[in-house]
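A, B, ... follow the sequence lines: proteins, then strands. Residue 1 opens every chain. A quick note: this is a predicted structure, and the numbers were derived from the prediction, not measured.
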Amino acid sequence: MSDVPHDLPQEDLDQLLGHLAAEEVQAEDARLSSLESLQLWMSAHPAMRNMAILDSLNQYGPAILLVLRRLLGL
Amino acid sequence: MSDTAGPLAAGAISALVRAIENEFAANPPTLCLIGLSGVGKSSTINAMFGTNLAVSATTRGTSRFSARTFDIISRRTEAAPVTCKLKVYDAPGLGEDETLDANYLERYRTHLPKCDVALWVVAARNRALALDQRYLAQLSDKMPNLVIGINQVDLVDPLDWNTAINMPSRGQADAIAIVARDRHEKLSRYMTADCPVIAYSAQRFYNLQALFTTCLKAAPKNRRWMFELLKSFSTRDWLAQAKGLSPTQRAALAEKYIASDSAITLDQLAGRV
């Protein structure tokens, strides 16, 4: 934190950083849960199977990953 | 990461977008919003999903049970805009008039089984829980995915919210913990199963992430991703209200510590499916 300038009392700063970390843990928890959920949905979705996206994953793993990353804005 | 997807990628993108939009259109994620008038139900949904639910009118003589479907362009996608939908059941006037409440409760009972999540909101400053208890007793058997939100924690005594860091003071934090335990104890008596209780402030975005994550995880497992795509806030919104920091300082903190604005990480997808 030393490289982020601030005028807050140390106690306030500690609280703020603690909550900031807690918020990010929660956000990451939601993201991971969503990832798992998306996989579940895709694996059960007939259209996904028809599009052979799942089949393609093994063959085109990196390419499909790129597709999904672009879709989801990474 | 390189941003040079080839023809296969482009085709797959449009197919995925189509499949996702079709899923949202056919089976939109559905949230049942319950709570007495004035507790901040609409503010909560507006803050989490960027909807435009109107705050309650002062008086109204007719039934105000609503089922609305919102079109939301996901902020979680960049490569292609994805039109998502969110369905919200709500009775904004619940608790205002006993002659209307019976109708609201009946309609909640009809729609609750179709919902992914039921969010029951109470106001932290309100100690009178008799109506909530009565209504909860009538609805609890219809709510498998219930989350209780305790809103407006910034108004808890001793009313000394620390605006510098947009957090409760030490004394207020202790009082909020007591309120959360008390509401949980008093409401859980009327529930068929225990459920999570989250104390938050929608207006200040304080702990809204905890409420969002809890709601998402209460949804059926194969539909949680839809809520993530609908999310329209981040930790930055909470930090933006920390008045003890300059815009430059907030930006520096966000740059260093906030990663939740980025889209869902799918690094492990290929290996898991």
Got a second to check how far [X]'s [atom1] is from [Y]'s [atom2], nearest 0.5 Å?
| X | Y | atom1 | atom2 | result |
| --- | --- | --- | --- | --- |
| F212(B) | D29(A) | CZ | CG | 11.0 Å |
| H45(A) | N22(B) | NE2 | CG | 7.0 Å |
| L229(B) | L38(A) | CG | CG | 7.5 Å |
| H19(A) | Y206(B) | NE2 | OH | 5.0 Å |

Is Q203(B) atom CD crowded by more than 12 heavy atoms from other residues, nucleotides or ligands, each under 6.0 Å away? no
Other residues, nucleotides and ligands only: do more than 12 of their heavy atoms fall within 6.0 Å of NZ on K114(B)?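 Yes, because the 6.0 Å sphere around NZ of K114(B) holds more than 12 heavy atoms from other groups.
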Can you tell me which portion of A219(B) sits under 4.5 Å from chain A's heavy atoms? Options are side chain, backbone, both or neither.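 Neither part; nothing is under 4.5 Å.
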What part of R170(B) is in contact with chain A, defined as an atom under 4.5 angstrom from a non-hydrogen atom: side chain, backbone, both or neither?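 Only the side chain of R170(B) comes within 4.5 Å of chain A.
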Of Q26(A), E28(A), R31(A), E23(A), which meets side chain to side chain contact (heavy atoms under 4.5 Å, CB included) against T213(B)?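 The option that passes is Q26(A).
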Tell me, out of L208(B), L216(B), T214(B), who's got the most heavy-atom pairs with chain A below 4.5 Å.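 Of L208(B), L216(B), T214(B), L216(B) has the most heavy-atom pairs under 4.5 Å with chain A.
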Heavy-atom pair count under 4.5 Å with chain A, highest-scoring of M226(B), K231(B), E255(B), R224(B): R224(B)
Over all heavy atoms of both residues, which pair between [X] and [Y] is shortest? Give the atoms and the distance, please.
| X | Y | value |
| --- | --- | --- |
| A30(A) | Q209(B) | CB-NE2, 4.4 Å |
| E228(B) | S34(A) | CB-OG, 3.0 Å |
| L20(A) | Y257(B) | CD2-CB, 3.5 Å |
| Q15(A) | M167(B) | O-SD, 3.6 Å |
| S33(A) | K217(B) | OG-CG, 4.0 Å |

Tell me, do L17(A) and L253(B) make a side-chain contact under 4.5 Å, heavy atoms counted?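 In short, these two side chains touch, coming nearer than 4.5 Å.
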As a quick check of understanding, evaluate side-chain contact (heavy atoms from CB on, under 4.5 Å) for L239(B) and L16(A), giving each step before the final call. CA-CA 9 Å; L239(B) 193 62; L16(A) 183 135; 4.2 Å; yes
